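Only one structure is covered here, and it is reproduced in the block below.
Chain A is the first sequence line, chain B the second, and so forth, proteins listed ahead of strands; every chain is numbered from 1. All values reported here derive from a predicted model rather than from experimental measurement.
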Amino acid sequence: MSSERRKPYPFDRIEPKWQSIWDERQIFHAPNPGEKGFDPAKPKFYILDMFPYPSGAGLHVGHPEGYTATDIVARYKRMRGFNVLHPMGWDAFGLPAEQYAIKSGQHPALTTRENVAKFKSQLKRIGFSYDWQREINTTDSRYYKWTQWIFLQLYNSWFNPKTNKAEPIKTYRSKNPDEVRLAYVADVAVNWCPELGTVLANEEVVDGKSEVGGFPVVRRPMRQWMLRITAYAERLLNELEGLDWPEGIKLLQRNWIGRSEGAEVDFKIDNKKIRVFTTRPDTVYGATYMVLAPEHSLVDLIVTEEQWLAVREYRERTARKSDLERTELAKEKTGVFTGAYAINPATNEKIPIWIADYVLLGYGTGAIMGVPAHDERDLEFARKFDLPIRQVVQPLGGEDPIGFIGEGIAINSPVIDGLPSREAIRKITQWLEERGLGKGAINYKLRDWLFSRQRYWGEPFPVVWESEPDGLHRHHRALDESELPVVPPPLDDYKPTGTGEPPLAKAKDWVRYSEKATRETNVMPQWAGSCWYYLRFCDPQNDKRFVGEKAEKYWMGGNKPGGVDLYVGGTEHAVLHLLYARFWHKVLFDLGHLSKPEPFQRLVNQGIILGEDNQKMSKSRGNIVNPDDVIEQYGADAFRCYEMFMGPLEQMKPWSMRGVEGVSRFLARAWRLMMNENQAGAWELSAAVQAVDPTKEQQKITHATIKKVTGDIETLSFNTAISQMMIFVNAFIPQRGTEAIPVSAMRTFLVLLNPFAPHLASELWETLGAKFKNAGGDITEQKWPDYDESLLIEDEVEIVVQINGKVRDRMKMSILASEEEMKVAALANPKIQQLIAGQTVRKTVTVPKKLVNIVI
RNA sequence: GCCGAUGUGGCGGAAUGGCAGACGCAACGGACUUAAAAUCCGUUGGGCCGUAAAAGGCCCGUGCCGGUUCGAGUCCGGCCAUCGGCACCA
């Protein structure tokens with residue numbers, strides 16, 4: 001017997017068949033407004049996957065988890081009469097292709113093309129209903145032209161705090177617009193990764209090591225392009241509110257943005273002043289010393305002669321430390337006295353000024369007031385260096401007041417004595433403001449986005465550097481839109497230079513832009529392309545605009561709230577992609593290019609899939625599951641259904657080949673419900689399938705299945721939807737091979753099954769149609785069925801009888817039975833009578849159609 | 001350390017405050033078969049009582065301790081464990 005015959009049903013024949021039919025007919029193409037076939041009466045539904053980086057390793061089983069979920073919803077929504085936008089593309093700039101180029105000399109574009117082809121064929125094999133006419137690739141010059149164009153929008157605008165939005169730079173009236181551009185150049189202490197030969201964003205550094213590769217990262221000052229995302233901190237925070245996202249992800253973003261409310265307070269020192277930020281201005285009377293970040297610019301101006309050497313030495317030592325060392329050594333506080341003193345504005349006392357690396361230059365003002373009595377870190381520092389500790393907050397409970405950081409009552413603070421902390425904060429802030437010593441302030445942890453990379457395989461900046469008339473300085477100038485795209489030059493050698501100068505600098509001819517101007521040689525980070533790809537999907541061929549106005553309005557606008565209707569992807573992008581994309585979206589919205597202020601209305605995170613050993617899948621563990629192997633053995637429909645049957649979409653769960661087999665058995669049972677294998681080994685429609693009316697029982701289960709599957713798709717509970725369909729099939733399997741199988745129930749079932757197992761459903765639909773005449777067309781074009789609630793109602797229900805909450809018996813009763821009838825019947829029940837004999841019934845609780853509970 | 005998520009049979013999981021374990025896997029028993037595969041049927045949380053065997057009966061059970069309730073996997077309080085995020089952010 002050939003292995004062909006062993007297949008539980010001929011998925012190896014029907015799956016390629018239907019995939020090519022879908023391809024030929026282009027039935028998943030969603031027409032844009034104005035295009036042929038566009039139906040304005042249909043509501044839109046935009047359902048998006050996080051597009052993949054096409055790595056050389058190909059698809060793993062984690063990718064199709066989210067993709068299957070969205071595919072089910074897409075197919076379902078189409079059958080519900082929506083115009084569904086369901087696209088796919090490639091986030092193809094990135095390090096692996098570049099590193100392969102360094103090793104092999106093969107141009108990254110070539111590697112990318114190969115990998116894309118592989119990914120695409122793998123996705124097609126699973127039968128996803130993408131509109132492939134909308135396929136995009138971030139490394140295509142027709143795409144990154146517009147990424148560069150968006151950079152120009154950022155460069156040519158500023159954030160007006162008065163209007164709280166971005167405006168064209170020409171509306172900025174002061175002298176130097178370069179100080180306020182949303183894209184600007186700064187010499188900043190960056191995360192330099194010598195191994196990768198590039199700088200990294202804060203978000204790309206994990207535990208002092210690069211997220212990619214795990215190489216050490218050090219701090220180093222460099223001239224870099226930055227994006228002023230901090231201007232949007234408040235809006236990025238506030239506008240999370242209305243989004244239908246998992247609370248956990250919202251919280252991650254909130255924490256990342258890190259809003260703190262407090263006050264800025266000035267401490268005088270001779271004719272200068274040091275400004276600090278504090279969330280607890282009510283503790284200012286307890287400030288017994290100050291600390292500046294070692295890199296703080298005032299340090300040079302205040303340090304005394306005696307302390308100068310010690311300070312210089314300390315600064316050098318901290319500068320050499322990598323981030324990793326800084327955190328590792330965080331256990332022990334270090335610092336040096338500057339020799340200088342400041343005046344505490346509340347007490348008018350002279351307090352010493354120190355420098356210490358536990359104060360960070362990048363947060364607040366880079367300086368703090370040390371309140372050892374009510375701050376853990378300050379306490380540790382004060383104890384180590386023997387600085388005075390003064391209690392100014394009295395705890396309400398019996399806690400130790402020293403080291404107490406909660407809210408209490410202000411003491412030893414004449415202006416606010418006796419006030420609870422909240423009120424004390426309000427009053428002291430007002431007091432400081434009145435005297436010009438400080439003011440209320442809000443601080444964010446969020447930093448500006450470091451936007452340049454010293455790499456080859458990325459979008460070049462549409463920027464040139466021109467010599468100033470003095471011949472010494474050079475100044476950046478953005479290119480005109482008409483000069484886009486800026487295409488990177490070909491190189492023989494893609495290696496990083498190691499000096500921090502980008503590889504593009506090696507292409508001397510390309511770098512030379514004109515007599516007096518050279519090109520920017522940095523490239524944009526990988527995030528750039530994914531910041532707006534969902535917009536390009538709306539109108540991917542447009543060569544006049546990054547997205548056509550009408551298409552944008554239709555797919556991203558619409559009635560409240562607009563945007564992508566469902567976005568599915570992994571949690572790993574909680575603070576990177578999802579924050580960056582929101583930022584760009586808001587800028588483009590402010591500049592009038594978009595309809596709505598938020599890109600992704602509903603977000604769902606799929607959980608990761610573990611190996612069979614319950615461990616994270618990895619090459620080294622050898623527990624990786626390859627989708628191709630699964631499809632080879634069980635077919636795409638079984639693969640899809642198993643991915644959904646494993647458990648709730650959001651949950652982490654282990655793979656099980658046995659589980660795939662179980663789901664495959666279910667599909668085979670559904671197949672054999674309608675198909676028979678004849679003597680010749682060919683499958684033909686079973687004679688049991690007949691144009692008869694379903695029995696009452698069959699009707700009931702059919703409608704219960706419609707109800708359950710419909711509701712479960714809406715809530716993305718695909719595992720229970722599949723359970724219900726299994727129940728359906730089990731119920732229809734003829735017990736003695738004699739019962740007729742009503743074709744109407746089968747049709748309904750196939751429509752419900754179609755989003756999950758579209759190949760199988762299509763094939764059976766077609767086979768039924770050959771004999772019984774279908775309503776017409778493919779199953780994909782059918783209307784989703786409605787259910788009839790009245791068919792679900794039973795005449796009789798089983799009533800549970802409990803005594804003190806414990807089930808003691810069950811009885812059949814009409815659903816029309818009144819509470820009184822139920823109670824009487826329960827008490828008359830012989831078994832219950834026996835159990836309650838001789839005891840007083842104190843109370844009975846009756847739940848109609850469910851139970852009677854007798855309390856004794 | 002702080003924040004968040006999760007904890008249910010041998011396993012994945014299911015249960016608007018109302019019969020815990022749907023559906024599936026695995027296991028065991030049976031049918032078909034020369035045999036196997038495939039398929040089909042049945043049993044399957046634990047303990048105890050009962051019986052020749054059944055039927056049947058009782059008790060315990062959703063991480064742990066407590067509470068609310070006629071009734072808790074579900075609600076409330078406290079703890080423990082695992083996973084994820086942040087981490088000197090003043």
Side-chain angles (χ1 to χ4, degrees), chain A residues 1 5-8 206-207 246-252 254-256 258-260 262 276-280 283 287 291 326-327 329-331 333 356-360 362-371 374-378 380-381 405 443-447 571-572 574-575 605 607-608 610 612 614 616 641-642 645-648 650-663 665-666 668-669 672 717 719-727 730 733 735 737 798-810 842-847 849-856:
Chain A
M1 212 178 273
R5 296 280 314 275
R6 289 271 168 81
K7 298 215 159 46
V206 179
D207 292 334
E247 274 311 311
I249 299 293
K250 287 193 189 181
L251 201 70
L252 283 178
R254 282 192 196 107
N255 291 343
W256 191 263
R259 181 183 194 273
S260 303
V276 304
F277 173 74
T278 174
T279 54
R280 293 295 298 271
T283 63
V291 184
R326 262 200 180 187
T327 31
L329 300 172
K331 294 151 207 152
K333 291 271 176 297
D357 66 1
Y358 84 92
V359 173
L360 310 171
Y363 184 78
T365 60
I368 62 150
M369 60 181 199
V371 185
H374 306 295
D375 183 284
E376 272 180 80
R377 296 147 304 176
D378 294 348
E380 199 191 321
F381 191 78
I405 56 169
N443 243 296
Y444 296 94
K445 278 204 292 195
L446 187 70
R447 310 292 160 82
T571 349
E572 67 272 21
V575 287
N605 292 119
I608 56 173
L610 304 172
E612 301 233 18
N614 244 300
K616 238 183 172 151
C641 288
Y642 175 65
F645 188 63
M646 292 171 80
E650 294 92 333
Q651 206 170 291
M652 185 191 300
K653 44 212 176 284
W655 186 268
S656 156
M657 274 306 176
R658 299 287 202 171
V660 185
E661 211 168 304
V663 171
R665 276 204 274 269
F666 152 66
R669 265 204 306 279
R672 289 196 312 268
S717 309
N719 54 330
T720 49
I722 293 170
S723 291
Q724 180 62 35
M725 290 190 282
M726 287 172 169
I727 292 168
N730 292 344
I733 285 175
Q735 293 306 304
E798 198 173 67
I799 303 293
V800 167
V801 187
Q802 299 178 331
I803 296 176
N804 289 346
K806 284 188 176 154
V807 182
R808 288 293 121 122
D809 204 9
R810 303 174 170 91
R842 287 196 291 141
K843 181 179 174 183
T844 62
V845 180
T846 312
V847 182
K849 293 185 237 174
K850 281 240 168 69
L851 64 79
V852 180
N853 188 13
I854 298 162
V855 187
I856 54 177

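With the nearest nucleotide of RNA chain B identified for both A/Gly258 and A/Arg808, A/Arg808 has the one nearer the 5' end. Where A/Met369 and A/Gln724 each meet RNA chain B at their nearest nucleotide, the meeting point lying more 5' is that of A/Gln724.
Counting all heavy atoms, side chain and backbone alike, A/Asn605 lies closest to A/Pro246 at OD1-CG, 3.6 Å. Closest of all the heavy-atom pairs between A/Phe277 and A/Thr365 is N-OG1, 3.6 Å. Residues A/Val801 and A/Ile854 approach most closely at CG1-CD1, 4.1 Å, considering heavy atoms.
Whole-Å rounding puts the A/Ile727 CD1 to B/rA15 P distance at 11 Å. Separating the CD atom of A/Glu376 from the P atom of B/rG1 is a distance of 11 Å, rounded to the nearest angstrom. Here B/rA90 presents its P atom at 17 Å from NE2 of A/His374, a figure rounded to the nearest Å. Separating the NZ atom of A/Lys806 from the P atom of B/rC58 is a distance of 11 Å, rounded to the nearest angstrom. The distance between atom CD1 of A/Ile405 and atom P of B/rG1, rounded to the nearest whole Å, is 14 Å. Taking atom CZ of A/Phe666 as the reference point, atom C1' of B/rA38 lies 19 Å away to the nearest angstrom. When the P atom of B/rC40 is taken as reference, atom CG of A/Asn730 falls 9 Å away, rounded to whole Å. Atom CD1 of A/Ile722 is separated from atom P of B/rA22 by 18 Å (rounded to the nearest Å).
Closest to the A/Trp256 side chain, of the nucleotides B/rC86, B/rA90, B/rA22, is B/rC86. Ranking B/rC3, B/rA22, B/rA90 by closeness to the A/Thr278 side chain, first place goes to B/rA90. Looking at the side chain of A/Thr279, the nearest of the listed nucleotides B/rG12, B/rA90, B/rA15 is B/rA90. Listed nucleotides: B/rC83, B/rC40, B/rA26. Nearest to the side chain of A/Arg669: B/rC40. Of all nucleotides listed (B/rC83, B/rA15, B/rG12), B/rC83 comes nearest to the side chain of A/Met652. Listed nucleotides B/rG18, B/rA90, B/rU39 differ in distance to A/Leu851; the shortest reach to its side chain belongs to B/rG18. In the set B/rC23, B/rA90, B/rC70, B/rC70 carries the atom at the smallest distance from any side-chain atom of A/Lys843. Between B/rG71, B/rG12, B/rC88, one nucleotide has an atom nearer to the side chain of A/Asn853 than all others, and that is B/rG71. With B/rA15, B/rG13, B/rC19 as the candidates, the nucleotide lying closest to the side chain of A/Glu798 is B/rC19. Nearest nucleotide to the A/Val845 side chain, out of B/rU39, B/rA90, B/rC70: B/rC70.
Note that the CD1 atom of A/Ile368 and the CG atom of A/Asp375 stand 7.0 Å from one another [nearest 0.5 Å]. The CD1 atom of A/Ile249 lies 11.5 Å from the CZ atom of A/Arg254; values are rounded to the nearest 0.5 Å.
Contacts of A/Arg810 with the nucleic acid, taken as non-hydrogen atoms under 4.0 Å apart, include base atoms. Residue contacts shown for A/Gln802 include a base, since a base heavy atom lies under 4.0 Å away.
Checking B/rG50 for Watson-Crick or G-U wobble geometry (two distances, each under 3.5 Å) identifies no partner in any strand. Remark: B/rA81 base-pairs with B/rU6. Criterion, Watson-Crick or G-U wobble with two distances under 3.5 Å. Base pairing of B/rG42 is made with B/rC28, judged by Watson-Crick or G-U wobble geometry with both donor-acceptor distances under 3.5 Å.
Shown here is A/Glu376, whose CD atom has no more than 12 heavy atoms of other residues, nucleotides or ligands within 6.0 Å.
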